[in-house]
Structure formats: C-alpha cells, structure tokens
Novice: 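The structure under discussion is supplied below as structure tokens; questions concerning it will follow.
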Amino acid sequence: MIDRTFRGAVLLGTALGLTASSFAAAGLSPAAEALFKKRLLFNIQGKGSSLAYDAGVFSEVFKTVPAVAKGEVILSANSGGSIVAAYFACHGISAASVAQLKTILVDGTPRIRSSVEELRSTVELPIAKLGMMAAGKIPYIDVSNLDAYIESELDISNISQLKQSPCKFEVPFVIVAGNYEIVHNISSSFEFEKMQRGQSGERAPKEGLTISGRDEKIFSRKDFSVSWKKNAFQTLGELFRQSLASFSKERPDIALGNTPYLGRACTYFASKEMYEVLAQIPFEQRLCDIRLTDDPESLALAIRASAAEPTYFYPVEDPNPAKLLVGQGPQGNLGLSKKRSYWGGFVMPMVAGDIRRRLPQLRVLGSGWARMDSGAVKVISTFVLVDSTEVSQVTEYWADSEFVPSSNYMDKIKSIAVGRPDHATEYETGRARAEQCLTLEKQRKKPCLPENVLAPEWDGPVFPDKDFPDDEPLQRARGLGDLI
C-alpha cells in the first residue's frame, strides 16, 4: 500500500527546505533507510547466454569504481543479467566473489556447459528458431535449463534443495520480469511445442500457429500499462454479459474490469528493503507491480521469471502470489489476472526509472543492452504486445553510463557460419569494453551512452525536495562523476 503519510511529510519537508533523506526513516526499516546512502545503481542487462560478458564488465567496474567494493551499490537486472545479480545478492561483492563468478561463467561446471550448448543449438540459433516458427511451432526449451545456474548461485547441489540454500541477501536488488497474462498475444488454444535439444516432442495443433488478440490490446510506454482497445472492450463486455462460461473459455487467465485497463506489463522482484521504497511510489506512477523476494525460493523464481524470454522458455507461474503487490494493493490481490506468470525481462531493458525517481541521489550504470535488430523485433512482436525497440529507448533514458556492446561483437554472437566466441573471449570483451568506457570518463570525456533514447512520462523525483525540486527533471547522461 502507498504510505501517503510519508508522502505528505516529504512535501511538507520540501516547503521547509529539507532533504528527502531527512524523511528516509519515516515508515521504513533501517535497511530501507540505508538505501538513501547508496551512490550507484548497477544494472546488469541480459544478453542471452553471454553471461561471461557481464562478468567481465563487473570485474572491471569492481576494480575501478570504489563505491562497488564499499557496498554503496544497488543491483538491478533483466533477463540473463538476473543470474549475475542474484549471485552477488547471495555472496556479496568482494574480490573473492568477483573471481568466483568468473570461474563459474567462464570455466563452467559440466551442467552449465551442457545448458549453454542446449541454448545455443536451439533457441539461440536463428536458423533453428525460424525453422520452428515456419513449421507452426513456438520455439522454447524447458526452464530447467536454468537449474545449473541457480544451483551455483544459491550454493546447492540440486534444485530440490532450494529451502536448504545458505543464501543470505547481502546486496539490495531489483529484477524485472514481464507479466505473461497481460502482455501475451497468443491464442489460449495454442499449445507450446516442447523442444528438447532441438528435437520436437509434442506436435503443434493441426491449425499451426494461431494468433488472436493482436488487435485487442494496447501497451502504453507512458506508464507500462496494458489496456483493451475500445472495440475489443465492448465486444468482450458483450460476450461476458451473454455467457460468463464462454468468456472464461476464451480468456481463461484474466477477468474483465469496469474500464479497459488490464494491468501493468511487468513485475519487480525486489529484496525487502527495495520492496519498501518502491511500494511508496504512488501506484498511478509506478511502472511495474512488485514481488517481495525474501528467500532463496523467491530468488530462484526471479531468475527463471526474468530469463524466461519469449521464444526461449515457457512462461513461469508464480507459486506464491501472496507476495505480490499489484496496483494499490492489498498484497496478494492479482488485479484482473486470475494467476500470475512471467515471461522474461525484455519488457524493461534498463531497470532504473522507478528506482532513480525514488532514490534520486543514485548514478545509473548499465552493463550494456544489445538492442534487437528488425528481424528479432518482428519475431518477438508475433508473441508479445510490447514494442521491444520502444521500451529499450524509454528505459535507457536513465543511463548515466552504459557499456553497450560493439556492433562487431554482436555480429559475432549472431554468426551462424563461424560460431560464437567462447566464454573466455566474451569475458575479456566485456572487461575491455568497460575499461574503455571508464578510461574515457577518467579523462573527463563523454561517457558511453545508448543512442536514440525517448523521454519517459515521469522524469522527476517521486518526493521532491530542495536538492531535487518538483519543477525540474532529474539529471541524466552525467557519467559516473566523482564515483571514479
């Protein structure tokens, strides 16, 4: 629920010329209060199975940016980046943990190497993915492909031991995932084709790939909401009035509200202290729902949820939706969704907007998001309502520095003929790119930044004060400043 007493206190403080940090303790735990002293939001941005790139970036940032080693950092992540963020959430950030992550992601266990091989020979191989779609199949492999990573992150020998994981959260974090019931465009009658190492299991329905609803919903980048289009809302309302059973059969995962609004396109998996501060954002402005992530099982769910991208993995259902805050609450209320499933972190390539607006003192650093080419955008748009290019542009607006991979490196990743770089090469490429960008900043030159960003609807602080006034947008594209 929104703490409106807190909001009123901050507005009063603004009039008195006080700072937001003066009110940090109002309604917050000591751990949440401590977030106002953090200096850096480090966003680990997914790149498919190229996790070693982000490990290389992290190693260079750890060496060069003292705030990271000092614990003055909050981690955020999407997609495969959630694996890296989860590792440091469990192990803390130290020279030893940074070195150990390199060992895990570059050398790999036999199970991790097998997982990567399966990904790269099926759903990450463009020709294989397109071939499956041409045959009327939705390409994906089982989400258990991620278990080897989760076991390494959470220090367990088998995924069945999640409850026995010794993981104690040491770094505040936010991991994002798309809300499947809200953003998907696929007919409920379509059954996903199961793929095991590229071999088809269950056959697709005779009618092949059937798409419905592509003209029924609309996504707004203004507030990341999804609504029915006017005509669709009227048609569905008539169907609902005529036969509830028919409506439920056609739309088994969602209910029909009094307005066209369906819900937010995404969910933040947030550590307890981050949950507290994000929950204080007025729900009309908060871009995503919030899911409390306070134990190893919740963290494993966050990894699966954010990594379960369309055309990679089947959506992941939340087994404990009581930990969700949807809209203005109460906690556990799913809004118009009858269940909650997650479908990857593509919906928010930089997880920063709400965090920066709530904690405006932060600088925002991204490990680098590789924007999709037109072919990939077209494939994703077949299944998902969200425009992946648009959300890249509007979320990366918040970057103060971002180590965007070079086009030459991305061409190698996508190469079919010569194969992808090995993990050691990916690690070194990420490390070298971070070194290049950080060196430019040390020389007080222009920071590395994404191109062609779009301004968001809300660009000011949630709770303005004399340092961050209401009538000015928060500064952005600043580089890391005195952090290096």
Side-chain angles (χ1 to χ4, degrees), residues 2 7 41 43 76 78 174 176-185 213-233 254 257-268 270 277-290 325-329 335-337 343-360 364 366 369 371-372 377 380-381 384-399 450-464 468 470-477:
I2 305 299
R7 189 182 186 195
L41 175 63
N43 189 189
S76 63
N78 81 313
V174 178
V176 78
N179 295 337
Y180 170 73
E181 285 79 15
I182 302 298
V183 301
H184 82 95
N185 284 332
R214 294 190 64 191
D215 242 0
E216 293 180 338
K217 301 176 187 175
I218 187 168
F219 167 78
S220 171
R221 68 175 177 87
K222 167 186 172 182
D223 56 6
F224 277 58
S225 67
V226 174
S227 301
W228 296 111
K229 290 186 175 180
K230 182 178 179 180
N231 291 342
F233 182 64
I254 52 178
N258 295 323
T259 71
Y261 175 77
L262 263 174
R264 289 296 193 262
C266 49
T267 294
Y268 296 129
V277 298
L278 290 172
Q280 289 183 324
I281 300 175
F283 74 93
E284 299 91 345
Q285 296 184 28
R286 195 176 66 236
L287 301 181
C288 301
D289 301 327
I290 318 173
L325 181 65
V326 176
Q328 59 183 331
L336 294 175
S337 296
W343 211 10
F346 71 96
V347 70
M348 187 171 282
M350 175 160 275
V351 188
D354 281 339
I355 302 172
R356 175 79 202 288
R357 294 185 61 239
R358 183 64 187 88
L359 300 169
V364 178
W369 174 256
R371 293 183 182 176
M372 299 180 188
V377 169
I380 295 298
S381 68
V384 177
L385 184 69
V386 176
D387 184 313
S388 55
T389 299
E390 186 176 59
V391 294
S392 295
Q393 293 172 327
V394 76
T395 60
E396 288 180 298
Y397 166 91
W398 291 104
E451 298 179 351
N452 303 320
V453 298
L454 295 172
E457 177 73 10
W458 296 295
D459 58 7
V462 176
F463 300 115
F468 304 102
D470 192 25
D471 58 351
E472 295 181 14
L474 291 168
Q475 293 183 358
R476 54 169 294 277

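No hydrogens, no waters, no symmetry mates; every other heavy atom, side chains included, goes into these values.
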Novice: Between the main-chain N or O of Pro260 and the side-chain N or O of Lys230, is there a donor-acceptor pair closer than 3.5 Å?
Specialist: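 No, because the side chain of Lys230 does not come within donor-acceptor range (under 3.5 Å) of the backbone of Pro260.
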Novice: Search all heavy atoms of Ser392 against all heavy atoms of Trp369 and return the closest pair with its distance.
Specialist: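 The answer is OG-NE1, 3.1 Å.
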Novice: Closest approach of Asn179 and Cys266, non-hydrogen atoms and distance?
Specialist: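 Heavy atoms of Asn179 and Cys266 come nearest at ND2-O, 3.1 Å.
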Novice: Once you round to the nearest 0.5 Å, how far does CD1 of Ile182 lie from OG of Ser225?
Specialist: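 Spacing of CD1 (Ile182) from OG (Ser225) equals 10.0 Å.
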Novice: Does the Arg358 side chain pair with the main chain of Gln280, one donor and one acceptor, at a distance under 3.5 Å?
Specialist: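 No, because the side chain of Arg358 does not come within donor-acceptor range (under 3.5 Å) of the backbone of Gln280.
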Novice: Can you confirm whether or not the ring centre of Phe233 sits under 6.0 Å from the ring centre of Trp228?
Specialist: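 No, ring centres 6.0 Å or more apart.
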Novice: Taking all non-hydrogen atoms of both residues, which atom of Val326 and which atom of Arg286 are closest, and how far apart?
Specialist: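 So the two residues come closest at C-NH2, 4.5 Å.
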Novice: Taking the side chain as every heavy atom from C-beta outward, state whether Asn78 and Met348 have any atom pair closer than 4.5 Å.
Specialist: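 Counting from C-beta outward, Asn78 and Met348 never come under 4.5 Å.
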Novice: If you measure from CZ on Phe468 to CG on Leu359, what distance do you get to the nearest 0.5 Å?
Specialist: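 If I round to the nearest 0.5 Å, the distance is 10.0 Å.
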Novice: Can a side-chain donor-acceptor contact be found between Arg357 and Gln285 if the only test is distance below 3.5 angstrom?
Specialist: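 Yes, Arg357 and Gln285 have a side-chain donor paired with an acceptor closer than 3.5 Å.
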Novice: Quick check on Asn258: does its CG atom have over 12 non-hydrogen neighbours (other residues, nucleotides or ligands) under 6.0 Å away?
Specialist: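 For Asn258, atom CG is not crowded (no more than 12 foreign heavy atoms under 6.0 Å).
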Novice: Any sub-3.5 Å donor-acceptor pair from Asn43's side-chain atoms to Ser76's backbone N or O?
Specialist: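 Yes; at least one donor-acceptor contact below 3.5 Å.
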Novice: Decide yes or no for Glu390 and Leu454: does some side-chain heavy atom of the first lie under 4.5 Å from some side-chain heavy atom of the second?
Specialist: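 Glu390 reaches Leu454 side chain to side chain.
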Novice: Distance-only, no hydrogens or angles: does the Arg221 side chain make a donor-acceptor pair with backbone N or O of Val386 under 3.5 Å?
Specialist: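 No; judged by distance alone, with no hydrogens or angles, the pair does not exist.
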Novice: Can you see which heavy atom on Trp398 is nearest to which on Trp458, and at what distance?
Specialist: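 Minimum heavy-atom contact is CZ2-O, 3.6 Å.
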Novice: To check you understand the geometry: which heavy-atom pair defines the closest contact between Ala352 and Val364, and what is its length?
Specialist: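 Taking every non-hydrogen atom into account, CB-CG1, 3.9 Å.
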Novice: In Å, rounded to the nearest 0.5 Å, how long is the span from CG of Asp459 to CD of Gln475?
Specialist: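 Asp459 atom CG to Gln475 atom CD measures 12.0 Å (nearest 0.5 Å).
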Novice: Please tell me if the side chains of Val384 and Phe219 come closer than 4.5 Å, counting only heavy atoms from C-beta onward.
Specialist: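 They are not in contact (no side-chain heavy atoms under 4.5 Å apart), so the answer is no.
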Novice: What's the separation between atom CD1 in Ile355 and atom CE in Met350, rounded to the nearest 0.5 Å?
Specialist: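 Output value for this atom pair is 10.5 Å.
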Novice: Nearest 0.5 Å, what's the CD-CD1 distance between Glu181 and Ile254?
Specialist: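 It is 9.0 Å, given to the nearest 0.5 Å.
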Novice: Would the distance check show the side chain of Lys217 and the main-chain N or O of Ala232 forming a donor-acceptor pair, the cut-off being under 3.5 Å?
Specialist: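 A pair under 3.5 Å: no.
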Novice: Can you sort out the partners of Asp354 under salt bridge (charged side-chain N to carboxylate O under 4.0 Å, His left out), two or more places apart, ordered by chain and number?
Specialist: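 None.
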Novice: When rounded to the nearest 0.5 angstrom, what distance separates CD in Glu457 from CG in Asp223?
Specialist: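 One finds 8.0 Å between CD of Glu457 and CG of Asp223.
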Novice: Taking all non-hydrogen atoms of both residues, which atom of Tyr268 and which atom of Leu287 are closest, and how far apart?
Specialist: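 In terms of heavy atoms, the two residues are closest at OH-CB, 3.9 Å.
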